[in-house]
Amino acid sequence: MTQARTERLGEVRPAYLESLTLVERLHRRLLDVIKDEFDRRGRSDVNSVQALLIYNIGDKELTAGELRTRGYYLGSNVSYNVKKLVEMGYLHHARSRVDRRSVRISLTEKGAAVHSVVAALYEKHVLTVEQIGGISGEEFSRMNQALVRLERFWTDQIRYRL
């Protein structure tokens with residue numbers, strides 16, 4: 001290995017490993033922020049993972065498989081939480097008319113109320129993240145661009161077995 005390549009790896013390695021840690025930590029922190037918002041409202045009826053799942057469904061009608069691919073949830077995690085949310089009255093579920101094996105899910109009125117709580121939280125963040133968090137729209141654009149490229153890199157690692 002050339003010295004230039006070794007030096008380059010020395011620059012990329014710590015930044016890459018720090019990014020991995022930050023992505024994981026940020027997801028956990030987002031769940032903490034959502035939990036805190038529900039705690040402030042005196043609501044303990046859904047947990048933060050379920051609230052985020054409800055938010056991601058929104059006004060769409062999806063299958064559990066679509067939720068997995070869109071939200072990148074683990075299969076068993078989606079199945080368990082969808083079942084619980086149906087039982088608690090947050091989700092409608094109905095067999096697909098086209099494929100009877102497939103179940104379509106959508107929000108009930110109760111689920112839409114949870115969606116509204118998370119949407120209001122995000123809206124509050126949108127209004128304050130630049131002033132309080134010190135992150136500009138331009139910085140978010142650059143960060144999002146880098147995260148999309150990292151996602152594509154990881155997807156290619158799987159798809160093409162690199």
Side-chain angles (χ1 to χ4, degrees), residues 7-86 88-91 105-159 162:
E7 288 173 12
R8 182 75 184 129
L9 286 174
E11 292 173 22
V12 173
R13 179 178 288 114
Y16 177 73
L17 295 176
E18 182 179 8
S19 292
L20 296 178
T21 301
L22 286 170
V23 166
E24 184 179 6
R25 196 166 66 210
L26 283 170
H27 178 68
R28 285 194 311 268
R29 184 64 64 212
L30 172 62
L31 294 174
D32 291 344
V33 167
I34 291 170
K35 180 188 180 312
D36 181 64
E37 182 65 19
F38 278 82
D39 288 348
R40 289 174 191 228
R41 293 172 180 251
R43 292 191 64 169
S44 59
D45 48 334
V46 295
N47 64 39
S48 56
V49 170
Q50 292 166 335
L52 189 56
L53 191 76
I54 287 170
Y55 178 80
N56 286 327
I57 293 170
D59 62 357
K60 297 175 280 309
E61 186 178 274
L62 306 167
T63 66
E66 289 169 328
L67 264 178
R68 278 191 299 275
T69 56
R70 291 178 187 203
Y72 302 104
Y73 298 99
L74 296 176
S76 59
N77 193 2
V78 169
S79 299
Y80 171 79
N81 282 307
V82 165
K83 181 180 176 193
K84 294 301 280 181
L85 291 168
V86 167
M88 295 187 305
Y90 292 95
L91 296 179
I105 54 175
S106 60
L107 300 185
T108 62
E109 196 171 307
K110 198 172 170 183
V114 169
H115 180 276
S116 294
V117 170
V118 177
L121 173 65
Y122 287 176
E123 191 60 29
K124 181 177 81 172
H125 292 169
V126 166
L127 296 172
T128 59
V129 72
E130 190 167 20
Q131 297 84 2
I132 296 171
I135 308 168
S136 70
E138 183 180 315
E139 288 173 302
F140 273 114
S141 291
R142 283 196 313 271
M143 178 173 48
N144 292 343
Q145 188 178 43
L147 289 170
V148 165
R149 288 195 310 260
L150 181 58
E151 180 186 26
R152 190 177 311 125
F153 171 76
W154 285 344
T155 299
D156 288 349
Q157 295 300 300
I158 296 164
R159 182 176 291 145
L162 301 175

K.L.:
Calculate, to the nearest 0.5 Å, the distance between atoms CD1 and OG belonging to Ile57 and Ser106 respectively.
P.N.:
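Atom-to-atom, Ile57:CD1 and Ser106:OG are 8.0 Å apart.
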K.L.:
What closest approach, in Å, do Gly111 and Ile54 show between heavy atoms, and which atom pair accounts for it?
P.N.:
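Minimum heavy-atom separation between Gly111 and Ile54: O-CG2, 3.2 Å.
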K.L.:
Once salt bridge (Lys or Arg N to Asp or Glu O under 4.0 Å) is applied, what residue pairs with a partner in residues 118-135 remain, sequence neighbours excluded?
P.N.:
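Every pair satisfying salt bridge (Lys or Arg N to Asp or Glu O under 4.0 Å) with a residue in residues 118-135: Glu37-Lys124.
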K.L.:
With sequence neighbours left out, write down each residue that passes side-chain contact (heavy atoms from CB on, under 4.5 Å) with Lys60, or none if nothing qualifies.
P.N.:
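If we apply the side-chain contact (heavy atoms from CB on, under 4.5 Å) test to Lys60, skipping adjacent residues, the hits are Leu62, Arg70.
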K.L.:
From Leu162 CG over to Thr155 OG1, what is the distance, rounded to the nearest 0.5 angstrom?
P.N.:
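One gets 11.0 Å once the value is rounded to the nearest 0.5 Å.
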K.L.:
May I ask you to decide if Gly89's main-chain N or O and Thr108's side chain share a donor-acceptor pair within less than 3.5 Å?
P.N.:
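It does hold such a pair.
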K.L.:
Side chains of Gln50 and Val114: does their closest heavy-atom pair fall under 4.5 Å?
P.N.:
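No, their side chains stay 4.5 Å or more apart.
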K.L.:
Table please: side-chain donor-acceptor pairs of residues 23-30 below 3.5 Å, with sequence neighbours left out.
P.N.:
| unit_1 | atom_1 | unit_2 | atom_2 | d |
| --- | --- | --- | --- | --- |
| Glu24 | OE2 | Arg28 | NH1 | 3.2 |
| Arg29 | NH1 | Asp32 | OD2 | 3.0 |

K.L.:
Is there a side chain to side chain contact (heavy atoms under 4.5 Å, CB included) between Thr63 and Ile105? Walk through the geometry before answering.
P.N.:
CA-CA 6 Å; Thr63 66; Ile105 54 175; over 6 Å; no
K.L.:
Test of understanding: with side chain to side chain donor-acceptor pair (under 3.5 Å), list the residues that count as partners of Asp45, not counting sequence neighbours.
P.N.:
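For Asp45, the residues satisfying side chain to side chain donor-acceptor pair (under 3.5 Å) (neighbours in sequence not counted) are Arg43, Tyr90.
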K.L.:
Does a sphere of radius 6.0 Å around CD in Gln157 hold more than 12 heavy atoms from other residues, nucleotides or ligands, not counting ones at 6.0 Å or beyond?
P.N.:
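It does: Gln157 CD has more than 12 such atoms within range.
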K.L.:
Show every ring-ring contact (aromatic ring centres under 6.0 Å, His included) that has at least one partner inside residues 29-62, sequence neighbours left out.
P.N.:
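Sorted pair list: Tyr55-His115, Tyr55-Tyr122.
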K.L.:
Quick one: salt bridge (Lys or Arg N to Asp or Glu O under 4.0 Å) pairs with a partner in residues 137-150, sequence neighbours left out?
P.N.:
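Pairs touching residues 137-150 that pass the test: Glu138-Arg142.
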K.L.:
Can you give me the closest heavy-atom contact between Met88 and Lys110, atom names plus distance?
P.N.:
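Shortest heavy-atom separation between Met88 and Lys110 comes out as O-NZ, 2.8 Å.
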K.L.:
Kindly determine whether Val82 and Leu53 satisfy side chain to side chain contact (heavy atoms under 4.5 Å, CB included), including the steps that lead there.
P.N.:
CA-CA 9 Å; Val82 165; Leu53 191 76; 4.2 Å; yes
K.L.:
Using the side chain to side chain contact (heavy atoms under 4.5 Å, CB included) rule, take Glu151 and Leu147 through it: C-alpha gap first, then chi angles, then the decisive distance, then the call.
P.N.:
CA-CA 6 Å; Glu151 180 186 26; Leu147 289 170; over 6 Å; no
K.L.:
Going from OG on Ser48 to CG on Leu31, what distance comes out if it is rounded to the nearest 0.5 angstrom?
P.N.:
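CG of Leu31 is found 4.0 Å from OG of Ser48.
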K.L.:
Determine whether more than 12 heavy atoms belonging to other residues, nucleotides or ligands lie under 6.0 Å from atom CD of Gln131.
P.N.:
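Correct, the count exceeds 12.
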K.L.:
When you check the gap from the basic side-chain N to the acidic O, do Arg40 and Asp36 get nearer than 4.0 Å?
P.N.:
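Answer for the salt bridge query: yes.
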